[in-house]
Each structure stands twice: as C-alpha cells, then as structure tokens.
Amino acid sequence: MPNPITVAVLGFWHVHAAEYAARARQHPDTTVVAAWDDDPRRGRAGAEEVGATYVDDLDELLARDDIDAVTVTTATTAHHDLLLRVARAGKHIFTEKLLAPTVTEAEQLIAAADQAGVALVVSLPRLYHGYTLAILEQLNAERLGRLTYSRIRLSHDGAVAGWLPERFYDPQAAVGGALSDLGCHPIYLTQLFLGASPATVSATYGSVTERQVEDQAVVALGYPDGAIGVVETGFVSRDPFSIELHGLKASLAYDGTENLLRIRSVGSDTWDSLSAPLDEEDAFGRWVRHIQDGTRADDNLARAVELTRLVVASNSSAASGATVRYSAGAR
C-alpha cells in the first residue's frame, strides 16, 4: 500500500464529513485528494472547505488509480448502493453509522468488502474512549458484580438551536431521527456493557419540534437475566453525556461534562473517583492500520451489524407502540 494512502470524500450530507476529511489530512499516512456529492452545489462547497478537488462523476472518481480509499458521509439510505459500487471498485471504506438501514443490507456490504479484499470500518468512536476502557476494566474485574441496570444518555440541541441541517429530519434520507443518528452511540455502548442481544425492546419516540421524525427517544432493553438497559437521546436539549451502571456489588457513574468517573459500593454513601486511561487509537486510525496490514475489522463489523439490528427493532417498537421480542436473526 502506497504512503500516504489517498482518500476521497464521498458525500457532504452528514455533519461529520469535514471532521473525517480533517482526520485524513492530520493522519501521517493519509491525504485527501478528491471529493464527490450527489448534490453538485453541496459537493463543490464541501470540497472547497476540505481542500479537495471536486469530481462530478462518481464512476470517474472510482475508476481512478490514484485513489485508494474513501470516507462516506452520505445519507444513510444511500449507503447500500454507494458502498457496493465503492467495494467493487476496490476502494477501502470508512463510513458513518449506520452502516445500512437494514441488517440484510449491512451484511451484503460486509460480504462485498470481503470479496473485494478492501478494509471496511464503521465509525463507532466511543468504543475507544478512555472512560469506556475504564468502565470495561471495572466490569472485567467484577467490581460491580452482576449488572442489573444501565442508563446512557447523549443529546444535543440541534433541532431547537437550528444548527442541525433540515435534511436530518427527512425520513426518506435519514432512515429515522435522533435514535438512528445520535442514539447509535448509547446503543452500542449499552450492547458493549450488557450484551448485544436483549430479550425485549420497547421504544418511545417524541417530536417536540413536530418534524416528520423523532427529535427525542427513549429505548428500554430487557435482558434474559433480568437486567435493564435504558438508552436516551435527542436533538432538543444540550445535556451532559452520562453513563450509569448498577450491579449487585457497586454502582458506577460517568459525567461527560467533567470527564468524571466514580464508583460506590453497595451500602456505602461515598463515591470514589476512578482514573481513566487515555483514549485508544480512534476508528479512523484503526481503519488505516487495517488497510496497511491487510486485516479485517472483525469486532467493528460485528458491532455495526448488531447496532443496525437494534435500531431496526427500536424503530419497529416505536411505530407499533408495543414492546417487541428481540431476535438475533431479525433482518
């Protein structure tokens, strides 16, 4: 693999497009050389912002030998067709979550990447943050004992402050609202801590701003062992990112505002502070290493599929107004 790895930005639909392009410029082994969008006006503006040459014809871009890889920040509903074309063109892929709107489509994309021998990584950044690593250390040491309850909240005020683009509320392009976008982070963290496969899923969605998709959501996950996981997210309040984990031996709490992690033993009124390690290598850096080493992102791809499966189940529950039985075979 040449050094640096040449990267093209595909799509400026998502607000993380410029962030991933900046990451590609900052990484010592990658550089941004081109950009494309299905909206030429948005694409030209985005290309200028990230310092890349705009290419109007996607087929032309994918046929270029001087482009090794792409970052994908299009609408989620465009992922399946687009990523299939990219994989078949032999380009490595770093994509925004969700990988695809359905599990079947996600698995088809992974199979296409495997067949083409390209590195595919989905951006699940909070898996590698220091507080996540510290929490896993406590769980692995069984400091909390058997887990009984988890609550993770992540929200921002984009829908009421006006900075989140209106296209995020288009159900045809975005698949869903707050849960399918920002809510992915507390979902995959809940799956990390409690397990990927709950027994039941019960979702309640609301639209404070009366848009076509939810601008806030709560999902309750019931696990076979009796544990409950609660996922909270939204676009209507700028709240601290927070994690609560409760077990039979202790409770753990994380406050994202102060980056403060604390633990309290059952029967004690005292919270003890815990130190968190530095963040591990981020998802983009891991993608670069997979490209260089010719390896597959097994854990990342498995988690991306299970994330999609749980989002689909949550959307089904919210639409029906009923608790749904969770199936690991649901597509």
**OP:** Assess whether side chain to side chain contact (heavy atoms under 4.5 Å, CB included) is satisfied between Leu98 and Leu307, documenting all intermediate values.
**Re:** CA-CA 8 Å; Leu98 293 164; Leu307 169 61; 3.7 Å; yes
Subject >> Aromatic contact, Tyr54 with Phe12 (centres under 6.0 Å) >> reply: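 No.
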Original post:
Taking the six-membered ring for Trp, are Phe94 and Phe284 ring centroids under 6.0 Å apart?
Top reply: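 Here the rings of Phe284 and Phe94 have centres that are less than 6.0 Å from each other.
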Measuring only between side-chain heavy atoms, which start at C-beta, is [X] closer than 4.5 Å to [Y]?
{"X": "Ser237", "Y": "Gln216", "result": "no"}
{"X": "Val231", "Y": "Val218", "result": "no"}
{"X": "Leu82", "Y": "Leu58", "result": "yes"}
{"X": "Tyr131", "Y": "Ile243", "result": "yes"}
{"X": "Ile93", "Y": "Val121", "result": "no"}
{"X": "Arg153", "Y": "Phe241", "result": "no"}
{"X": "Leu192", "Y": "Leu136", "result": "yes"}
{"X": "Pro165", "Y": "His14", "result": "no"}

**OP:** Describe, in one word, how the ring planes of Tyr188 and His185 are oriented to each other, choosing from parallel (under 30°), tilted (30 to 60°) and perpendicular (over 60°).
**Re:**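 Rings of Tyr188 and His185: perpendicular, as their planes differ by over 60°.
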Subject >> Aromatic plane relationship, Phe235 with Tyr169 - under 30° parallel, 30 to 60° tilted, over 60° perpendicular >> reply: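 Aromatic pair Tyr169/Phe235 classed perpendicular.
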When you compare the side chains of [X] and [Y], does any donor N or O come within less than 3.5 Å of an acceptor on the partner?
{"X": "Ser123", "Y": "Tyr20", "result": "yes"}
{"X": "Thr102", "Y": "Glu105", "result": "yes"}
{"X": "Thr6", "Y": "Asp68", "result": "yes"}
{"X": "Asp239", "Y": "Ser155", "result": "yes"}

**OP:** Inspect the surroundings of CD in Glu142 and state if more than 12 heavy atoms from other residues, nucleotides or ligands are less than 6.0 Å away.
**Re:**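 Open: at most 12 neighbouring heavy atoms sit under 6.0 Å from CD of Glu142.
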Original post:
Is atom CD of Gln115 surrounded by more than 12 heavy atoms (other residues, nucleotides or ligands) closer than 6.0 Å?
Top reply: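 Atom CD in Gln115 is not crowded, with 12 or fewer foreign heavy atoms closer than 6.0 Å.
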**OP:** For salt bridge (charged side-chain N to carboxylate O under 4.0 Å, His left out), just list the numbers for Glu137 and Arg143, CA-CA rounded to whole Å, side-chain angles, deciding distance to a tenth of an Å, and then say yes or no.
**Re:** CA-CA 9 Å; Glu137 182 180 342; Arg143 287 282 306 279; over 6 Å; no
Subject >> salt bridge (charged side-chain N to carboxylate O under 4.0 Å, His left out) partner of Arg296, chosen from Asp293, Asp299, Asp298 >> reply: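 For Arg296, the salt bridge (charged side-chain N to carboxylate O under 4.0 Å, His left out) check succeeds only for Asp298.
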Original post:
For Asp215 and Tyr205, what are the C-alpha separation, side-chain angles and deciding distance, and is it a side-chain hydrogen bond (donor to acceptor under 3.5 Å, both in side chains)?
Top reply: CA-CA 8 Å; Asp215 54 28; Tyr205 292 176; over 6 Å; no
**OP:** Evaluate side-chain hydrogen bond (donor to acceptor under 3.5 Å, both in side chains) for His290 paired with Thr295, printing each intermediate quantity in order.
**Re:** CA-CA 5 Å; His290 284 300; Thr295 52; 2.7 Å; yes
Original post:
Linking I/L/V/M/F/W/Y whenever their side-chain heavy atoms sit closer than 4.5 Å, directly or via other members, would Phe193 and Ile187 fall into one cluster?
Top reply: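 Phe193 and Ile187: one cluster.
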Original post:
Any sub-3.5 Å donor-acceptor pair from Ser268's side-chain atoms to Ser265's backbone N or O?
Top reply: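 Not at all, since once roles are kept as given, no pair shorter than 3.5 Å links the two residues.
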Subject >> Any donor-acceptor N/O pair, Arg262 side chain to Ser251 backbone, under 3.5 Å >> reply: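 No; judged by distance alone, with no hydrogens or angles, the pair does not exist.
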Original post:
Out of curiosity, Ile135 CD1 to His129 NE2, how far, rounded to the nearest 0.5 Å?
Top reply: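 Atom-to-atom, Ile135:CD1 and His129:NE2 are 12.0 Å apart.
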**OP:** Could you tell me the separation between the NE2 atom of His79 and the CG atom of Leu84, rounded to the nearest 0.5 Å?
**Re:**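 Answer rounded to 0.5 Å: 12.0 Å.
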